[in-house]
Protein chains: 2
Amino acid sequence: MRVRQLAEKLGVSADTVRYYTRIGLLAPTKSTANGYKFYNIREQSCLRFILSARDLGFSVEDITQIIAKADDGQSACPTVRRLIDKRLHETQQRYLDMLRLRKRMLAAVDSWDSKEDKAPTGNQICYLIEEFIEVEVGSETK
Amino acid sequence: MRVRQLAEKLGVSADTVRYYTRIGLLAPTKSTANGYKFYNIREQSCLRFILSARDLGFSVEDITQIIAKADDGQSACPTVRRLIDKRLHETQQRYLDMLRLRKRMLAAVDSWDSKEDKAPTGNQICYLIEEFIEVEVGSETK
DNA sequence: ATTGACCTGTGTGCAGCTCACAGGTTTAGA
DNA sequence: TCTAAACCTGTGAGCTGCACACAGGTCAAT
Ligand SMILES: [Zn+2]
Ligand SMILES: [Zn+2]
Ligand SMILES: [Zn+2]
Ligand SMILES: [Zn+2]
């Protein structure tokens, strides 16, 4: 199997497969004739694992560690439990950040609906942005 | 004002100010004597604007466009309205992605609580991940 | 003059891919 | 058999928004 065939089989781009190969997560054999990389069934199941872990929020570095443990013959489960706890906290944080940002953006759009366009002055670049922040900072203290 | 003073005044790192300077969002005068960059009051208010826009979810590229419009003497308001709509959709999407991911991660952690650690086999790297995905994919179709 | 603390600009690194590009391979046609 | 176009490959670079490393400059105290 060459890179494109593997990629299509598992529904990712060939570049993604190349990337995982480049960083050492996949280790295809190198054809002697033309230098093309050759992925066997073992690489395929490894990629499947990588994609599953990715979908659970593990970073590429996490996956590297997990695979290294397993390749070493040890159980990766403790590592997996430890790492997902960390990533879960991060995901939670990012989720909250997105939520707050979304709220702020919606408030801005809403308040801008009743405001007209204005040309910039020497002091202001865009009064929509500058005045919205002032209002928001003020209302945050109450 | 030199880079550090400006940075501390507005509560960001000196590297952040240097970054905005590097990409042309800030244009300090260059001291002839020692090559140090000098930020005046105008650069300061420009940085304040940049930070306000950043907090509203605008990208650096967005901010570049907005400032360019204003520097050109035109109203940046239409640009601002158009761009925030785009960024709002993206933020919404990322928010939903985080929400789904969080849910998936929580489900994994929950189901793993009652499972023991296992050593890897020739076919499996970590059964926690591999079997959770199978279960999840199955339950998605019902 | 010298030490040391602090500051500066520039270059590089980061995740997780994606894109650009020069060249090799395969295939269809003549 | 030759050729030309379509397709594929590996490698290198680029993306965002900074943060860090580093060699050297500056300044106050000795
Ligand atoms: Zn925890
Ligand atoms: Zn405006
Ligand atoms: Zn819309
Ligand atoms: Zn395991």
Side-chain angles (χ1 to χ4, degrees), chain A residues 1-39 43 47 49-67 83 86-87 90-91 93-94 97-98 101, chain B residues 1-39 43 47 49-67 83 86-87 90-91 93-94 97-98 101:
Chain A
M1 250 180 171
R2 293 189 315 197
V3 58
R4 169 154 298 244
Q5 294 165 43
L6 174 58
E8 280 180 2
K9 199 159 183 179
L10 295 197
V12 293
S13 79
D15 277 325
T16 297
V17 175
R18 277 194 269 262
Y19 169 66
Y20 293 146
T21 304
R22 192 142 35 169
I23 63 172
L25 273 186
L26 295 175
T29 56
K30 206 161 186 173
S31 163
T32 49
N34 51 16
Y36 286 7
K37 278 142 182 166
F38 185 82
Y39 300 84
E43 300 307 317
L47 176 55
F49 177 80
I50 292 168
L51 298 179
S52 300
R54 187 184 68 166
D55 286 349
L56 272 173
F58 291 101
S59 73
V60 167
E61 167 61 21
D62 293 343
I63 300 173
T64 304
Q65 284 186 40
I66 293 167
I67 292 182
L83 288 175
K86 199 154 76 175
R87 300 304 163 212
E90 290 172 9
T91 301
Q93 187 57 55
R94 282 207 304 229
D97 289 346
M98 286 304 116
L101 177 57
Chain B
M1 249 179 168
R2 294 189 315 198
V3 59
R4 169 151 300 241
Q5 294 164 44
L6 174 58
E8 280 180 0
K9 199 157 182 179
L10 295 197
V12 293
S13 78
D15 277 326
T16 298
V17 175
R18 277 194 269 262
Y19 169 65
Y20 292 147
T21 303
R22 191 141 36 168
I23 64 173
L25 273 186
L26 296 175
T29 56
K30 206 161 186 172
S31 162
T32 49
N34 49 17
Y36 286 8
K37 277 141 182 165
F38 185 83
Y39 300 83
E43 301 307 317
L47 176 56
F49 176 80
I50 292 169
L51 298 178
S52 300
R54 187 184 69 167
D55 286 349
L56 272 174
F58 291 102
S59 73
V60 167
E61 167 61 22
D62 293 343
I63 299 173
T64 304
Q65 284 186 40
I66 293 167
I67 292 183
L83 288 175
K86 198 154 78 176
R87 300 305 163 209
E90 290 172 9
T91 301
Q93 188 56 55
R94 281 208 303 236
D97 289 346
M98 288 304 116
L101 177 57

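Chain letters run A, B, ... following the sequence lines, proteins first, then strands; residues in each count from 1.
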Carboxylate-amine/guanidinium proximity below 4.0 Å for B:R94 and B:D97
no
Value rounded to 0.5 Å, distance of CE in B:M1 from CD in B:E8
10.0 Å
Candidates D:dC18, D:dC8, C:dT8 - which lies nearest the side chain of B:R2
C:dT8
Nucleotide nearest A:R4 (side chain, heavy atoms from C-beta), chosen from D:dG10, D:dC8, D:dC18:
D:dC8
For C:dC17, take OP1 and OP2 only and decide whether either is under 4.0 Å from a side-chain N or O of A:T16.
no
Measure CG/B:D55 against P/D:dG17 and give the value in whole Å, please.
13 Å
Please give, in whole Å, the distance from D:dG10 P to A:I23 CD1?
16 Å
Ignoring the backbone of B:N34, work out which of C:dT8, D:dC18, D:dT26 is nearest its side chain.
D:dT26
If you compare every side-chain N and O of B:K30 against the phosphate oxygens of C:dT10 (OP1, OP2), does one of them come in below 4.0 Å?
yes
Taking atom P of C:dT8 as reference, at what distance in whole Å does atom CG of B:L6 sit?
11 Å
Under 4.0 Å: is that the gap between some side-chain N or O of A:Y20 and OP1 or OP2 of C:dC17?
yes
When you measure from the side chain of B:R18, which nucleotide among C:dC7, C:dT10, C:dC17 comes out closest?
C:dT10
Rounded to the nearest Å, what distance is computed from the CD atom of residue A:E8 to the C1' atom of nucleotide D:dC8?
11 Å
N or O in side chain of A:Y36 less than 4.0 angstrom from C:dG24 OP1/OP2:
no
Between A:D15 (CG) and D:dA13 (P), how many Å, whole number?
16 Å
Does any N or O donor sit under 3.5 Å from an N or O acceptor when you compare the side chain of A:R22 with the base of D:dG12?
yes
Measure the distance from CG on A:L101 to P on D:dG17 and round it to the nearest whole Å.
12 Å
Quick one: which of C:dC17, C:dG9, D:dG10 gets closest to the side chain of B:K37?
C:dG9
